[in-house]
Amino acid sequence: MVIRRFRPHPAGCGKTLLSAGILLLLPVLCSAAVSEEEATAPKTGRELYLAACAACHGADGRGQPQSMVGFDLPLPDFADSSFISREPREDWVAVSQLGGPVRRFSELMPSFKGVLTTDESRRIVSYIHSFNQDKSWPAGEHNLPRPLVTEKAFPEDEVVFSASGDLEGSGSIAGKFIYEKRLGSRNQLEVVIPYAWSERGAQDPVSGWHSGVGDIALALKRAFYHSLDRGTIFSAAAEFKLPTGDERRGFGKGTPVLEPFALFGQILPSDFFLQAQAGMEIPLNTDKAGTEAFLRAAFGRSFSAANWGRTFSPMVELLAARELEAGARTHWDIVPQMQVTLSRRQHIMMNFGVRLPLNDTSTRSTQFIVYLLWDWFDGGFFEGW
Ligand code: HEC
């Protein structure tokens, strides 16, 4: 059954039905009721929103009071720039078509499948975004899948646990705990706590397996430019690594290191994307480590399973790093990888891949890299599965 005709003022209809307690049938019944009348077919996102959504979400998008809707669950505030600019619009098209449960939200958010076409849902979601008046927040579309090595330009609220290690021979496993917190519309604070397990050879004064915390880093990032029309986001960041790691055991550089870098994200047609990072690692004590320049780029595409299901994002990264001294060689690596969303909410993801050195392979071995990512703004770790 596809009923596409609405009258722009069914708020009264919504209220009567809500008090009758047949919430889940609301969209179907409301539209059936209005479609029998001689209603002119409304076309704009606004008209469709007022007809299908405003009974609960309010004409201003801020959510009707509990006394009007008849349930306790707080309604989201679509005029809140921080809330509305987190994820791509298509995510809300999914919620509008399939109802709250598709992203493990409450079933009080009904499904409009068969009542609204996907295209109509897209128009409504576009209209909902006009409630957000503060354009300094980069749109959720810029929130591209996180590559294993290249950092993202989008400022995030997330936690990432990552691990990497050599696939050949004895070696080490390096873990990282990354905490990212958004500050306002464009800024992000980041804390990185590295942890390592490594094996030192028998001739080493500290032979055997060791573990310890590495050089803890603090970073500030700011999105300087973003345009949804162009699909481009550009940020700059500065990271400061403190020499907290035990240098003797190979867990730290033994000197504070300053790392300025620039970040770029580009949305391409057909869900392809490109991300890049360029920067320098500048040790404050140059006796301990050399200054290094690096360039990283990630190219990939997102695929969603049918009906806005699990998202798979295969990516490949190309990494280049070179010590800034005469005669140094540029190290090249390639990192094929796959990011997968684990939770229905799509706020828990994992990514796994291998880092393959393209040159100097006698001194550099192939590594595995994995991460588990939790977008904590979207819900608790155990919520939304
Ligand atoms: C019967 C009341 C009702 C109607 C009608 C309704 N919604 Fe909702 N909606 C809710 C509730 C309740 C929530 C909060 C769900 C939760 O937090 O678990 C919600 C949440 C949402 C969200 C937020 C999802 C998120 O990421 O947090 C979106 C988007 C949304 N609704 C879109 C729509 C659209 C579009 C329409 C009209 C086509 C609509 N809703 C109609 C009750 C309703």
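Quantities reported herein were computed from a predicted structural model and do not represent experimental measurements. By convention here, the first residue in the shown sequence is residue 1.
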query = Hey, what's the ring geometry for Trp92 with Phe83, parallel, tilted or perpendicular (30° and 60° as the breaks)?
reply = tilted

message = Pairing donors with acceptors under 3.5 angstrom, does anything connect the side chains of Gln97 and Ser121?
response = yes

request  = Inspect the surroundings of CZ in Arg122 and state if more than 12 heavy atoms from other residues, nucleotides or ligands are less than 6.0 Å away.
outcome  = yes

request  = Answer yes or no: is there an ion pair linking Glu247 with Lys253, defined by an N-O contact shorter than 4.0 Å?
outcome  = no

ask   = Side-chain donor-acceptor pair under 3.5 Å between Ser302 and Thr311, yes or no?
value = no

request  = May I ask you to say whether Glu180 pairs ionically with Arg146, meaning some side-chain N is under 4.0 Å from a carboxylate O?
outcome  = yes

query = Within 45° of the axis and under 6.0 Å from the centre of the six-membered ring of Tyr127, does NZ or CZ of Arg123 qualify?
reply = no

key: Linked, directly or transitively: Leu148 and Phe294 (ILVMFWY side chains, under 4.5 Å)   = no

request  = Over all heavy atoms of both residues, which pair between Trp374 and Gly379 is shortest? Give the atoms and the distance, please.
outcome  = NE1-O, 2.9 Å

message = Using a 3.5 Å distance criterion without hydrogens, assess whether the side chain of Asn307 forms a donor-acceptor pair with backbone atoms of Gly309.
response = no

request  = Report yes or no: is the cationic atom of Arg182 (NZ for Lys, CZ for Arg) under 6.0 Å from the centre of the six-membered ring of Phe154, at an angle within 45° of the ring normal?
outcome  = yes

message = Strictly distance-based, threshold 3.5 Å: is any side-chain N or O of Arg344 a donor or acceptor partner for the main-chain N or O of Gly384?
response = no

query = Quick one: OH on Tyr225 to CZ on Arg186, what's the gap to the nearest 0.5 Å?
reply = 11.0 Å

query = If you take all heavy atoms of Arg310 and Leu342, which pair is closest and at what distance?
reply = NH1-O, 3.2 Å

message = Ignoring hydrogens and geometry beyond distance, is a side-chain donor-acceptor pair present between Thr232 and Gln266 at under 3.5 Å?
response = yes

Spacing of Gln133 atom CD and Lys135 atom NZ [to the nearest 0.5 Å] = 6.0 Å

inquiry  = Closer than 4.0 angstrom, basic N to acidic O: yes or no for Asp333 and Arg355?
reply    = yes

query = Leu373 versus Val159: any side-chain heavy-atom pair under 4.5 Å?
reply = no

remark   = Closest non-hydrogen contact found for Leu295 with Ala278 is CD1-CB, 3.6 Å

ask   = Do His331 and Arg322 come within less than 4.5 Å of each other through their side chains, counting heavy atoms only?
value = no

ask   = Are Arg296 and Glu151 ion-paired here, with the side-chain N under 4.0 Å from a carboxylate O?
value = no

task = Take atom CH2 of Trp332 as the centre, draw a 6.0 Å sphere, and report whether it contains more than 12 heavy atoms from other residues, nucleotides or ligands.
result = no

request  = Answer whether the closest heavy-atom distance between the side chains of Ile267 and Leu144 falls below 4.5 Å.
outcome  = yes

ask   = Closest heavy-atom contact between Pro145 and Met315?
value = CB-CE, 3.8 Å

message = What I want to find out is whether Arg86 reaches Asp378 closely enough, with some N-O distance under 4.0 Å, to be called a salt bridge.
response = no

key: Phe161-Phe177 aromatic ring centre distance below 6.0 Å   = yes

key: Residue pair Glu317 / Gln337, side-chain donor-acceptor N/O under 3.5 Å   = yes

Shortest non-hydrogen contact between Phe251 and Val213, atoms and distance = CB-O, 3.9 Å

task = Just do the side-chain contact (heavy atoms from CB on, under 4.5 Å) check on Val335 and Leu319 with the steps written out, would you?
result = CA-CA 8 Å; Val335 192; Leu319 314 174; 3.7 Å; yes

By salt bridge (Lys or Arg N to Asp or Glu O under 4.0 Å) - contacts of Arg329 (at least two apart) = Asp360

task = Would you check, one step at a time, whether the test side chain to side chain donor-acceptor pair (under 3.5 Å) holds for Asp134 with Ser136?
result = CA-CA 6 Å; Asp134 184 351; Ser136 66; 2.7 Å; yes

task = Could you check whether the rings of His57 and Tyr49 sit parallel, tilted or perpendicular, using 30° and 60° as the cut-offs?
result = tilted

inquiry  = Evaluate Lys152 against Glu156 for salt bridge (charged side-chain N to carboxylate O under 4.0 Å, His left out), listing each step before the verdict.
reply    = CA-CA 9 Å; Lys152 282 168 59 161; Glu156 278 276 32; 2.8 Å; yes

ask   = Would you say the side chains of Glu190 and Gln188 form a donor-acceptor pair under 3.5 Å?
value = yes

query = Do the ring planes of Tyr195 and Trp197 sit parallel (below 30°), tilted (30 to 60°) or perpendicular (above 60°)?
reply = perpendicular

Centroid-centroid under 6.0 Å between Phe272 and Phe299 rings = yes

